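Note that this is a predicted model, so its numbers are computed, not measured. Within every chain, numbering begins at 1; the chains are lettered A, B, ... in the order of the sequence lines, protein sequences first and strands thereafter.
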There are 2 protein chains.
Amino acid sequence: MEEIRKAQLIEATIAMIHEEGFTNASISKISKRAGLSSGIVAHYFSDKSGLLTATQQHLMRVLGEETKSQLLHARTPMERLLAIVNSNFSDDQFKPGVVNVWLAFWALVPTSPDLARLHRINERRMQSNLQHALKPLLPAEKVASTATGLAAMVEGLWIRCALTKGGVTPKQAISIMESYINSQILVNQD
Amino acid sequence: MEEIRKAQLIEATIAMIHEEGFTNASISKISKRAGLSSGIVAHYFSDKSGLLTATQQHLMRVLGEETKSQLLHARTPMERLLAIVNSNFSDDQFKPGVVNVWLAFWALVPTSPDLARLHRINERRMQSNLQHALKPLLPAEKVASTATGLAAMVEGLWIRCALTKGGVTPKQAISIMESYINSQILVNQD
DNA sequence: TTATTTTGATTGAACGTTCAATCAAAATAA
DNA sequence: TTATTTTGATTGAACGTTCAATCAAAATAA
């Protein structure tokens, strides 16, 4: 029961943030949308910020599982890199509700220790995944900085895909990142 | 008088968003911080969203002037590229208030047509600046995509510098972007 | 004087939180 | 079995607070 309710409320939170924006997603609207009463949020998440933290945690878990599942089928280092990149640009990651929650999340990181913690976890996981995949492809001293550059590109291109309709498509974004990876490998081999 | 007051209020907005976060920056706190009364905001900006739009516009103008000024001293195409990159990573761009306003700005773009407009303007200016600088360095068909990739890296690395203390430094960020530029040039020349 | 700027009290809506009350289901007792 | 007790999920009204917006009045400038 508890897990069902939590899932309902998290889903309703994403939907409301999508429909009315982060600022207008109130507890009463969210709970009504979930078909539940307003008091239930306090019962399961103690307060509003608990609900928002849980919602972001949920999105990070979804992304993490998508990455893990794509990594399963990857055989070569290059396939592993593309698996990581692709999982960040899957359709799931561009559902409008998801986009708005991630953007609100970043905006709240500077003032919420809980969210700052989540942010750090997410960044480290990405960095570690990329470094592991890059290790066989680059000289040791280039691995970390290239991983950081690629992680930044993932973030920056994702934001552009998400915010600018009529701008870069996920397909173009992936090709730009492939070009970055390939040129870094090419330049560093000899 | 009007310009003085507007500047005071914008500065107070940035300060309050820094000190208490975007969510808690109310009109009364902002105006008190500026040493003025609460009604004055409506007088000069018509409403709160007008004040926020003007604040973001101000930050974009500051960044634009920083870029323009750095471009003045650039002689070669490569110097022009680095001027653009450097202006995005100057100390001014990492003042905590400035960081929080930019992050809140992105979060509000999906629900505010005014801010979406500002966002598009900013993105186009960056893209155009980068393309102009890259044109002499790359084959024509590579210019646009490399500019997009570089713009994304600027954004992504800036977020990392801003949000993750103890993470990437602006200096490292710039070196990562230089490496991207150089490898793209090298790979594409023959 | 007249026009402009500024104040700050006031309004009313919206919000997050709290909590006593409800109720179906499960556990226990007879 | 049937009756009673207990649990825990859930409700929804009430509370105090905060907020953006309004506006008449005061202050200031021209």
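Proximity of B:Arg5 to the phosphate of C:dT6: a side-chain N or O atom is located under 4.0 Å from OP1 or OP2. OP1 or OP2 of D:dA9 sits under 4.0 Å from a side-chain N or O of A:His43. For B:Tyr44 and C:dT6, the shortest distance from a side-chain N or O to OP1 or OP2 is below 4.0 Å.
Using Watson-Crick or G-U wobble geometry with both donor-acceptor distances under 3.5 Å, C:dT28 finds its partner in D:dA3. Base-pair partner of D:dG12: C:dC19 (Watson-Crick or G-U wobble, both distances under 3.5 Å).
Residue A:Leu51 contributes atom CG, which lies 14 Å from atom C1' of C:dT17 at whole-angstrom precision. Atom CZ in A:Phe45 sits roughly 18 Å away from atom C1' in C:dT18 (whole-Å rounding). Rounded to an integer number of Å, the gap from CZ of A:Phe22 to C1' of C:dC15 is 14 Å. For A:Ile4 and D:dG8, the CD1 to P distance is 18 Å, given to the nearest whole Å.
Contact check for B:Val41 versus B:Lys48: no side-chain heavy atoms found under the 4.5 Å cut-off. Contact check for A:Ile17 versus A:Ile30: no side-chain heavy atoms found under the 4.5 Å cut-off.
The heavy-atom pair separating A:Lys6 from A:Tyr44 by the smallest distance is CE-O, 3.7 Å.
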Inset, instruction - Mind running side-chain contact (heavy atoms from CB on, under 4.5 Å) on B:Ile14 and B:His58 for me, showing each step along the way? - result: CA-CA 10 Å; B:Ile14 297 173; B:His58 169 74; 4.3 Å; yes
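Counting only distance, with no hydrogens or angles, the side chain of A:Gln127 and the backbone of A:Ala144 share a donor-acceptor pair below 3.5 Å.
With respect to the salt-bridge test (charged N to carboxylate O, under 4.0 angstrom), the residues A:Arg33 and A:Glu19 qualify.
Taking every heavy atom of residues 23-41 of chain A and every atom of DNA chain C, pairs under 4.0 Å involve A:Ser26, A:Ile27, by number.
Counting only heavy atoms from C-beta on, B:Lys48 has its side chain closest to D:dA21 among D:dA21, C:dT17, D:dT22.
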